[in-house]
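Working notes, structure below.
Numbering of ligands and ligand atoms starts at 1, following listing order.
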Amino acid sequence: MSISPLDRGAPAFIAGHRGLVGGAVLRHFQDAGFSQLVTRTSSELDLRDGAAVEEFFAAERPATVVMAAAKVGGILANSTYPADFISDNLRMQVNVLDAAARHGATHLLFLGSSCIYPKLAPQPIREDSLLTGPLEETNDAYAIAKISGVLQVQALRRQHGLHYISAMPTNLYGPGDNFHPQNSHVLPGLIRRFHEAKLADAPSVVVWGTGTPLREFLHVEDLARACLFLLENYDEPAPINVGVGEDLSIRELAELVADIVGYQGRLKFDTSKPDGTPRKLLDVSKLHGLGWQAEIGLRDGLTQTYAWYQEQLATGAVRAA
Ligand SMILES: NC(=O)C1=CN([C@@H]2O[C@H](COP(=O)(O)OP(=O)(O)OC[C@H]3O[C@@H](n4cnc5c(N)ncnc54)[C@H](OP(=O)(O)O)[C@@H]3O)[C@@H](O)[C@H]2O)C=CC1
Ligand SMILES: C[C@H]1O[C@H](OP(=O)(O)OP(=O)(O)OC[C@H]2O[C@@H](n3cnc4c(=O)[nH]c(N)nc43)[C@H](O)[C@@H]2O)[C@@H](O)[C@@H](O)C1=O
């Protein structure tokens with residue numbers, strides 16, 4: 001299926017453009033020739049504020065919207081602040097999706113996450129596993145907000161005939177990530193910890209959990225390509241998975257990061273920290289069937305991300321929120 005190409009001369013709103021995903025989407029849309037990209041930081045426009053969002057959409061009238069603004073964090077942030085994760089995300093989504101529909105946005109991409117699927121979904125996880133079983137407890141509040149977003153997209157399509165779609169990326173990494181020691185996802189967390197251990201000549205590095213959970217990782221530049229590809233080639237109510245189709249254990253991941261960083265000490269597993277879901281490998285056959293594949297391998301992507309992290313350290317610009 002191929003829907004019409006987006007109008008690259010019309011306004012396109014990239015919500016969350018300073019984040020990992022939004023930043024990569026913004027760069028990719030710029031490279032793809034979009035001439036009216038609209039952005040706002042959260043301090044310029046708090047997307048939880050319905051009246052402000054309404055006013056913004058009435059004035060800017062974006063034709064295309066990429067919803068990459070969200071309250072996001074790793075396993076510990078999700079389990080420590082569930083009230084913020086459900087409330088902030090529900091409010092941002094409802095405001096943006098409703099205003100987009102009211103003010104004539106013809107295309108919208110809502111970004112969810114692989115954590116919307118049941119904790120023990122059959123692997124690799126197909127899109128039709130949604131709502132077939134209980135969620136992983138460490139991120140159930142966030143997942144419920146994201147599931148609501150998927151349902152809102154479907155409802156807007158059904159009621160108003162809009163070309164709005166939802167994509168479910170696997171775990172992401174790359175330039176622009178959040179390197180907070182507690183709140184980040186595993187990859188920025190480990191890059192930072194191994195780098196600091198190398199500098200300090202520390203004998204061991206702590207890795208959370210047992211090291212046995214399996215995770216899949218997609219470079220954010222691949223995701224940004226997929227976002228534009230899907231807006232132009234996918235027009236169905238069901239969410240579509242975006243991943244690479246292979247995973248590795250957290251122990252293997254930690255060994256890979258240690259190798260790339262050049263750290264030679266031992267790994268120590270802190271089993272007081274949660275493992276989270278045992279495995280969440282996405283079934284990407286639907287996406288591959290449309291003709292899209294990831295291009296950046298994990299070792300290459302991590303080597304590039306580590307180089308970027310060191311550049312950020314040198315300029316004092318590391319993001320750690
Ligand atoms: N990172 C990952 O591994 C994965 C991410 N995703 C999804 O991708 C999307 C983007 O995630 P990611 O880029 O990692 O997240 P980031 O935390 O890197 O970026 C999120 C962005 O959202 C903006 N934002 C947060 N709160 C508000 C608010 N109240 N009003 C306006 N803007 C706000 C922030 O803007 P500002 O900087 O201006 O404050 C920030 O730039 C999310 O929907 C997430 O679920 C899906 C799977 C995995
Ligand atoms: C993208 C996704 O991200 C989250 O789910 P998650 O996949 O569990 O993500 P995570 O990256 O935080 O952890 C992956 C695994 O890695 C282990 N781990 C080891 N050492 C560190 C470490 O230093 N930091 C972190 N964060 N994890 C570590 C950790 O114990 C776990 O077993 C949800 O927020 C969810 O909502 C979501 O959408």
Is there at least one pair of N or O atoms, one from Gly22 and one from ligand 1, spaced under 3.5 Å apart?
no
Close N or O approach (Leu20, ligand 1; < 3.5 Å)
yes
So, does Lys273 sit close enough to ligand 2 that a heavy atom of it is under 4.0 Å from the ligand?
no
Taking distance alone, with no angle check, do Asn171 and ligand 2 share an N/O pair under 3.5 Å?
yes
Considering distance alone, does some N or O of Ser113 sit under 3.5 Å from an N or O of ligand 1?
no
Which is closest to atom 26 (N) of ligand 1 in terms of heavy atoms, Arg215, Met92, Lys71, Gln93?
Met92
Arg193: heavy atom below 4.0 Å from ligand 2, yes or no?
yes
For atom 2 (C) of ligand 1, which candidate among Val25, Leu172, Asn178 holds the nearest heavy atom?
Leu172
Quick note on ligand 2: atoms under 4.0 Å from a heavy atom of Ser113 include exactly 37 (C), 38 (O)
Considering only protein heavy atoms, which is closest to atom 29 (C) of ligand 2, and at what distance to one decimal place?
Pro274 O, 3.9 Å
Output yes when a side-chain donor or acceptor of Tyr81 lies under 3.5 Å from a complementary backbone atom of Leu76, and no otherwise.
no
Does Arg157 reach the main-chain N or O of Asp235 with its side chain, forming a donor-acceptor pair under 3.5 Å?
yes
N/O to N/O below 3.5 Å, does that happen between Lys146 and ligand 1?
yes
Nearest-neighbour protein heavy atom for atom 18 (N) of ligand 2, which is reported as residue plus atom name and distance:
Val186 CG2, 3.5 Å
Considering the heavy atoms of Gly74, write down every atom of ligand 2 situated less than 4.0 Å from one of them.
12 (O), 34 (O)
Any non-hydrogen atom of Ile250 lying under 4.0 Å from ligand 2?
yes
If you scan protein heavy atoms around atom 31 (C) of ligand 2, the nearest is Asp275 O, 3.4 Å
Which part of Trp208 is near ligand 2, with near meaning a heavy atom under 4.0 Å away: side chain, backbone, both or neither?
both
Side chain, backbone, both or neither: which part of Ile75 comes within less than 4.0 Å of ligand 2 when only heavy atoms are counted?
both
Could you check which of Gly112, Cys115, Ser42, Gly23 puts a non-hydrogen atom nearest to atom 7 (C) of ligand 1?
Gly112
Less than 6.0 angstrom from the centroid, inside 45 degrees of the normal: does Lys71 satisfy that with respect to the ring of Phe85?
yes
I need the nearest protein heavy-atom contact for atom 34 (O) of ligand 2: residue, atom name and distance, please.
Asn78 ND2, 2.4 Å
Closest to atom 37 (O) of ligand 1 (heavy atoms only, candidates Arg18, Met168, Arg91) is Arg18
Sub-4.0 Å heavy-atom approach of Lys280 to ligand 2
yes
Below 3.5 angstrom, do we get any N/O pair linking Tyr142 and ligand 1?
yes
Between Pro169 and ligand 1, does any nitrogen or oxygen pair lie at a separation below 3.5 Å?
no
Structural part of Ser114 in contact with ligand 2, heavy atom criterion under 4.0 angstrom:
neither
N/O to N/O below 3.5 Å, does that happen between Asp46 and ligand 1?
yes
Would you mind running through ligand 2 and noting each atom that sits below 4.0 Å from a heavy atom of Pro213?
32 (O)
Backbone or side-chain N or O of Ala70 under 3.5 Å from ligand 1 N or O:
yes
For ligand 1, is Met67 a contact, meaning one of its heavy atoms is under 4.0 Å away?
no
